[in-house]
Amino acid sequence: EAGVAQSPRYKIIEKRQSVAFWCNPISGHATLYWYQQILGQGPKLLIQFQNNGVVDDSQLPKDRFSAERLKGVDSTLKIQPAKLEDSAVYLCASSLDRRGAFFGQGTRLTVV
Amino acid sequence: QKEVEQDPGPLSVPEGAIVSLNCTYSNSAFQYFMWYRQYSRKGPELLMYTYSSGNKEDGRFTAQVDKSSKYISLFIRDSQPSDSATYLCAMSAGSNYQLIWGAGTKLIIKP
């Protein structure tokens, strides 16, 4: 079974530029999560989708972050404009049921 | 107070020792409990899943849930240097699949 695919693995951008991350979840997984993880901390949920719909985006900075999940499969997360404090690892995960989520390798973003 | 508390460590033990990793939580509605292992520069990997109270064993790993004390543990027997990683606990009330995370404990197994 293929895992969660994310791209790119690494990205360096200047502040105020825009960036987009892509995620392809495990086939059949209805729930998709985007997390932000800063070194030494646990993952922070940015947005959770159930199929096409948003379940929770309460911690998504909506003035600069946006996310969509087309046809209930792939998802993109965009940051525009980026700030220095957005430097982090962005993790995508998917789940089939309540027995846990499966993560991709993450995208390491550096904003300079 | 955070919903899930986890000592960040680092926890350093000699190879072969039994390791005990713990999380406490405040929300009595949590029913689903998970442990993840995260190596440096990798995504978290699901290790163990437990529903409600009790123990679950998988090879050298044992997960334990004590709902009366709001306390969960992960035990690693015969620890190996390859077990060196950050261990994250996560839990869910189940209603919307939302996961609440601990901050992670960094574990170092010394050869």
Side-chain angles (χ1 to χ4, degrees), chain A residues 1-11 21 23-26 29-51 53-60 88-110, chain B residues 2-11 21-25 29-52 56 58 61 63 65 72 74 85-108:
Chain A
E1 179 182 77
V4 176
Q6 284 189 250
S7 67
R9 285 295 312 277
Y10 305 93
K11 191 75 178 177
F21 312 127
C23 173
N24 180 235
I26 294 172
H29 283 197
T31 305
L32 186 147
Y33 312 80
W34 281 104
Y35 287 96
Q36 180 192 62
Q37 188 176 30
I38 294 171
L39 190 65
Q41 299 182 17
K44 172 189 169 185
L45 180 69
L46 293 174
I47 189 166
Q48 178 183 338
F49 293 96
Q50 185 75 16
N51 295 307
V54 175
V55 173
D56 184 355
D57 64 356
S58 57
Q59 297 192 87
L60 186 73
V89 176
Y90 291 84
L91 295 163
C92 179
S94 68
S95 67
L96 176 64
D97 51 34
R98 295 182 176 88
R99 289 177 288 177
F102 296 86
F103 283 80
Q105 296 277 46
T107 297
R108 184 172 298 273
L109 174 67
T110 303
Chain B
K2 293 182 180 179
E3 276 193 284
V4 179
E5 299 278 0
Q6 188 176 9
D7 187 331
L11 176 63
L21 302 164
N22 311 294
C23 289
T24 59
Y25 62 94
F30 289 146
Q31 298 186 71
Y32 303 86
F33 303 92
M34 285 137 277
W35 284 97
Y36 286 80
R37 177 175 63 195
Q38 186 173 25
Y39 292 114
S40 180
R41 298 184 176 272
K42 301 286 187 183
E45 170 194 2
L46 180 62
L47 271 181
M48 302 279 289
Y49 153 81
T50 310
Y51 171 70
S52 194
K56 187 172 185 179
D58 184 2
F61 298 88
V65 175
I72 68 170
L74 178 71
T86 295
Y87 290 79
L88 297 143
C89 64
M91 44 200 82
S92 172
S95 57
N96 62 0
Y97 293 61
Q98 187 177 62
L99 297 172
I100 308 300
W101 293 83
T105 298
K106 183 172 183 178
L107 174 65
I108 300 168

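Protein chains get the first letters and strands the later ones, always in sequence-line order, with residue 1 at the start of each. Just the heavy atoms: all of them, side chains too, but no hydrogens, waters or symmetry mates, feed the values below.
- By the 4.5 Å heavy-atom criterion applied to side chains, K11(A) and T110(A) are not counted as neighbours.
- The greatest number of non-hydrogen atom pairs below 4.5 Å with chain B, out of A101(A), G40(A), A93(A), C92(A), is found for A101(A).
- Counting heavy-atom pairs closer than 4.5 Å to chain A, the top residue among R41(B), E45(B), K106(B), M34(B) is R41(B).
- With no hydrogens or angles considered, a side-chain donor-acceptor pair links Q38(B) and Q37(A) at under 3.5 Å.
- The shortest side-chain heavy-atom distance between F30(B) and E3(B) falls under the 4.5 Å cut-off.
- Checked by atom type and distance alone, the side chain of D56(A) pairs as donor or acceptor with a backbone atom of S58(A) at under 3.5 Å.
- In this structure, the separation between CD on Q6(B) and OH on Y25(B) is 14.5 Å, given to the nearest 0.5 Å.
- Contacts between V55(A) and chain B at a heavy-atom distance below 4.5 Å involve the side chain alone, from C-beta outward.
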* Trace of the side-chain contact (heavy atoms from CB on, under 4.5 Å) decision for Y36(B) with L47(B) -> CA-CA 5 Å; Y36(B) 286 80; L47(B) 271 181; over 6 Å; no
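- Neither the backbone nor the side chain of P8(B) comes within contact range of chain A; no heavy atom of the residue lies under 4.5 Å from a heavy atom of that chain.
- With chain B as partner, the option from G100(A), P43(A), G104(A) having the largest number of non-hydrogen pairs under 4.5 angstrom is P43(A).
- Contact of the I72(B) side chain with the M91(B) side chain is registered, since non-hydrogen atoms from C-beta on lie closer than 4.5 Å.
- Across K44(A), R99(A), Q41(A), Q105(A), the residue that shares the most heavy-atom pairs under 4.5 angstrom with chain B is R99(A).
- Ranked by non-hydrogen atom pairs under 4.5 Å with chain A, the options P44(B), G102(B), G43(B) are led by P44(B).
- Within the 4.5 angstrom heavy-atom criterion, only backbone atoms of L96(A) (N, CA, C, O) approach chain B.
- Among F33(B), W101(B), Y51(B), the residue with the largest count of heavy-atom pairs under 4.5 Å with chain A is W101(B).
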